[in-house]
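Below is one structure, written out as C-alpha cells; the observations come after it.
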There are 2 protein chains.
Amino acid sequence: MASLQEISQRANVSVATASRVLNGSSHPVSSQTRAKVLSAAEALGYTPSVLAQLVRKGQRSRIIGVIVGDVSDPYFGAVARGVEEAVADDGYLTMIASGRRTTAAELDHLRSLRDHQAAGVIFASSGYENDPLTEQAQELVDSLMASGSIVLALAPRDISCSGRIAFDDRGAAFDATRYLIGLGHKEIAFVGGPGGFHTSTHRRDGFEAAVRSAGLTPNKRLTGGFEYEAGYRAAQHIALSPERPEAILAVNDDVAIGLVVGFRDTGLRVPADISVCGIHDTRPASYVGLTTVAAPLSEMGHAAGLAILNGETSGTTVLPHHLVERTTTAPSSARAAR
Amino acid sequence: MASLQEISQRANVSVATASRVLNGSSHPVSSQTRAKVLSAAEALGYTPSVLAQLVRKGQRSRIIGVIVGDVSDPYFGAVARGVEEAVADDGYLTMIASGRRTTAAELDHLRSLRDHQAAGVIFASSGYENDPLTEQAQELVDSLMASGSIVLALAPRDISCSGRIAFDDRGAAFDATRYLIGLGHKEIAFVGGPGGFHTSTHRRDGFEAAVRSAGLTPNKRLTGGFEYEAGYRAAQHIALSPERPEAILAVNDDVAIGLVVGFRDTGLRVPADISVCGIHDTRPASYVGLTTVAAPLSEMGHAAGLAILNGETSGTTVLPHHLVERTTTAPSSARAAR
DNA sequence: TTGTACGCGTTATCAG
DNA sequence: CTGATAACGCGTACAA
C-alpha cells in the first residue's frame with residue numbers, strides 16, 4: 001500500500017532515487033542512500049504497484065492464461081500441469097480459465113487476459129466449425145499478439161495464432177481403429193462428442209479412413225457431450241440396438257468410460273461382448289483399465305510454456321502418441337473361437 | 001491499443017470529454033460530440049486500459065482467483081464450476097491457480113492476485129499443520145483484505161479470512177464410519193492422505209470418534225498422497241497384511257478408487273471381501289460405483305462466488321453433506337451369514 | 001456543455 | 001551519484 005512517494009519522504013530522497021533502489025535499476029546509487037531507502041521501505045512495508053509498472057512500461061505481465069473447455073475434464077488438468085512445470089521456476093503464473101465450451105466465454109477470458117497484458121495465452125480446447133464468433137476471437141488474438149503476447153493453440157482452431165503444439169487427432173484415431181481391426185473386429189463404431197467440434201471431426205475422419213482401408217463399413221454416432229454421462233447414455237442405446245457393434249472407439253476417455261460402465265450396467269460384458277477404446281489416457285482411464293491412445297498432454301503444456309518463455313512467435317509442433325493396451329479390448333469372439 | 005489521447009485528437013475534443021463518453025460517466029455530453037467521439041473510437045478500435053483505470057481508481061479488478069491444490073483433482077473442478085456459475089453473469093472472471101499443495105506456490109499466486117487487485121480469492125484446499133509459511137500467507141491475506149478484496153476459505157486453514165464456507169469434514173467421516181459400522185463391520189480402517197493436512201486430521205478424528213463410540217478399535221494408516229496412486233499402493237500393502245480390515249473409509253474419492261482397483265488387482269473382491277467408502281462424490285466415483293459421502297462442492301463454490309459479489313466480509317457457512325450408497329460397500333459376511 | 005489541470009504510482013531522460 | 005520533470009493512460013474536481 002505504501003507508494004514510492006511515501007518512501008522517498010521518509011528517507012529524505014527523491015522518488016526517482018527510491019525507484020532506482022527498490023526496483024532493478026542499473027543506475028548507480030550510493031550505499032548510504034540505498035540503505036536509507038531500504039529501511040524506509042521495510043518500515044512502511046513497500047510493495048511496488050505492478051499495475052503502475054505495467055502501465056508505465058507497457059510490458060507483458062507474468063501471467064499465462066490457459067483457456068480450457070471444462071475445468072472438470074482431466075484432459076485439461078494434465079495440460080495445465082505441463083504448463084506449470086515449465087514456467088513456475090521462472091516466476092510465471094499459470095491461470096486456468098474455463099471457456100465452458102462456448103466461444104462467448106472464451107472471448108471474455110481473452111479480453112481479461114489482454115486487459116491484464118498476459119505474457120501468453122494457451123488455447124487448450126478445440127473450436128467449433130463455422131463458429132460465428134471466430135472473427136471476434138481472431139481480432140482479440142491479433143491485438144494480443146500485436147502487443148507482444150504469445151498465443152498458442154493446443155487443439156484444432158480456426159484462429160491463426162503465434163504457434164501450434166498438438167498431437168495428431170486423425171492419426172491417433174486411425175491407429176486405435178487399426179488396432180481394433182487387428183483384433184479381428186468387423187463391426188466397429190465411433191462414438192463422437194457433440195457435433196461441430198474440430199477434434200471430433202478429425203478423430204472421426206481418422207476412424208473412417210482406417211475402417212475403409214480395411215474394406216469395412218464405418219458406423220458413427222454422436223453424443224451430446226464430451227463427458228462420462230454422454231457415453232453412459234450412448235451405451236444404453238447401443239446395447240439395445242439390433243446391430244450392436246463388436247468394438248467401439250470413443251472420442252475421448254471420459255466418453256469411453258461412460259460406455260464401459262453403461263454396457264456393464266446393462267449386463268453386457270466388456271471386453272468379452274464388446275471392446276471399448278478411448279483417446280487421451282487421462283488418469284481415470286486406469287480406474288477402469290481402459291485401453292486408450294496416450295496423448296502427450298503434459299508434454300504439450302510443457303512445450304507451450306517454454307515457447308511463451310522464449311517468445312517463440314511461429315512454428316507448429318506435433319508430438320507423438322501411442323496406444324496403451326489395457327483390459328477393455330479383446331480379440332473378437334469369432335476370432336477367439338478359431 | 002489506441003489511447004484516449006488519440007481519440008480526442010481525431011474527434012477534436014479534449015481527453016476529458018472523450019473519457020466521459022467512453023466510460024460510464026454521468027457527466028452530460030451533447031449528442032453531437034458524443035457521436036464524434038464514438039465514431040473516432042470505433043475507427044481507431046479503442047479499448048480502455050483497464051490497468052490505468054485500476055491505477056487511477058484503486059478499485060478491485062473483475063478477477064476472482066481460486067487457489068487449488070491440484071488441477072487434476074476433480075474436487076477442485078467441481079468447486080471452480082460452482083464459483084463460475086455464480087459470477088460469470090456479472091462479468092467476473094474465475095481464474096484457477098494451482099498451489100500444487102505447497103504453501104510457497106500459494107504465496108506466489110496470492111502475490112499475483114494482490115498485484116492485480118483481484119476482487120476475491122478463494123482457498124479451495126486445506127492447509128498444513130505447523131506450516132512455517134503461514135505467517136507470510138496471513139500477511140498477504142491481510143493486505144488483500146485491507147485493500148478491499150474478499151478472501152474466503154473453503155477448507156480448514158490456519159489463516160483468518162473474510163469468511164469461511166465449507167462442509168463438516170469431521171461429521172462427514174463420522175457419518176460414513178457409522179454407516180460402515182451399521183453394515184456390521186468390526187474391523188474398520190481409515191486410509192488418510194499425507195500427514196499434516198487439516199482435512200486429513202479432521203476426517204481421521206471423525207472416523208475415530210465413530211469407531212470408539214461403537215466400542216471398536218480404530219485402525220489408521222497414512223498414504224503419501226491424496227491421489228489414486230496412493231490408494232492403489234496402500235491396497236497392495238493392506239491386501240497382504242495379516243489383520244486385513246473388513247471395511248475402509250478413505251480420506252477422499254481418489255484414494256478410495258485406488259483402493260478398490262488395487263484390491264481387485266490383487267484378487268480381493270469389493271465389496272464381498274472388503275468394503276470401501278470415499279468422501280466427496282466427485283464424478284469418477286460413479287465410474288467404479290463408489291459408495292461415498294457427497295460433499296456440497298459446487299454449492300460451496302457458488303456460495304463463495306456470491307459472497308465475493310456481495311462483498312460479504314464475515315461469517316461462516318457450513319453446508320450439508322449426505323451419504324451416497326453405491327456398490328463398493330456391503331454388509332459384513334458374518335452378518336450376511338446370519 | 002466543454003476544457004484545463006492534477007493526481008494515481010511508476011520509470012526514463014536530462015541536468016547538475 | 002542525485003533530483004526535477006515529463007510521461008504512461010486514465011478520471012475528475014474545478015473553472016469557463
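Here is how names work: the chains are called A, B, and so on, in the same order as the sequence lines, proteins then strands, and each is numbered from 1.
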| field | N or O in side chain of A:Thr33 less than 4.0 angstrom from D:dC1 OP1/OP2 | value | no
| request: Could you tell me whether A:Ser26 contacts a base, only the sugar-phosphate backbone, or nothing, with contacts defined as non-hydrogen atoms closer than 4.0 Å? | output: nothing
| message | Whole angstroms only, please: what is the CG-C1' distance between B:Leu4 and C:dG3? | response | 15 Å
| query | So does A:Ser3 get a side-chain nitrogen or oxygen closer than 4.0 Å to the phosphate oxygens (OP1/OP2) of C:dT10? | reply | no
| B:Lys57 side chain: which of D:dC1, D:dG9, D:dG11 is closest? | D:dG11
| query | Can you say whether the rings of B:Phe197 and B:Phe226 are parallel (under 30°), tilted (30 to 60°) or perpendicular (over 60°)? | reply | perpendicular
| Between D:dA4, C:dT10, D:dG9, which nucleotide gets closest to the side-chain atoms of A:Ala16? | D:dA4
| 5′-ward residue of the pair A:Ser19/A:Gln5 relative to DNA chain C | A:Gln5
| B:Leu51 has an atom CG; how far is it from atom P of D:dG11, in whole Å? | 13 Å
| Qualifying residue for side chain to side chain donor-acceptor pair (under 3.5 Å) with A:His198, from A:Asp169, A:Asp131, A:Asp158 | A:Asp158
| query | Any donor-acceptor pair under 3.5 Å joining the side chain of B:His27 to the base of D:dT12? | reply | no
| query | Which part of the nucleic acid, if any, lies within contact of A:Ser25, taking any heavy atom under 4.0 Å across all strands shown: a base, the sugar-phosphate backbone alone, or nothing? | reply | nothing
| Around A:Asn310, counting heavy atoms of other residues, nucleotides and ligands shown, do more than 12 lie under 6.0 Å from its CG? | yes
| Atom-to-atom span, CZ of B:Arg56 to P of C:dT10 - whole angstrom | 16 Å
| query | Does A:Thr17 or B:Pro48 map to a spot on DNA chain D nearer the 5' end, using the closest nucleotide for each? | reply | A:Thr17
| note | Whichever of B:Val55 and B:Ser31 has the more 5' nearest nucleotide on DNA chain C, that residue is B:Ser31
| Judged by modelled atom types alone, do B:Ser72 and A:Arg81 share a side-chain donor-acceptor pair under 3.5 Å? | yes
| said: If I take atom CD1 in residue B:Ile7 and atom C1' in nucleotide C:dG3, what distance separates them, rounded to the nearest angstrom? | reply: 18 Å
| task | Calculate the interatomic distance between A:Leu22 atom CG and C:dT10 atom P; express it in whole Å. | result | 9 Å
| task | Between D:dA4, C:dG3, C:dC8, spot the one nearest the side chain of A:Ser14, thanks. | result | D:dA4
| task | Name the closest nucleotide to the A:Val15 side chain, picking from C:dT10, C:dT2, D:dG9. | result | C:dT10
| task | Return yes if the base of C:dG3 and the side-chain atoms of B:Arg20 contain a donor-acceptor N/O pair under 3.5 Å, otherwise no. | result | yes
| task | Take atom CD of B:Glu135 as the centre, draw a 6.0 Å sphere, and report whether it contains more than 12 heavy atoms from other residues, nucleotides or ligands. | result | no
| field | Value in whole Å for how far the P atom of C:dG9 lies from CD of B:Gln117 | value | 10 Å
| request: Please figure out whether B:Gln53 or A:Asn12 has its closest DNA chain D nucleotide nearer the 5' end. | output: A:Asn12
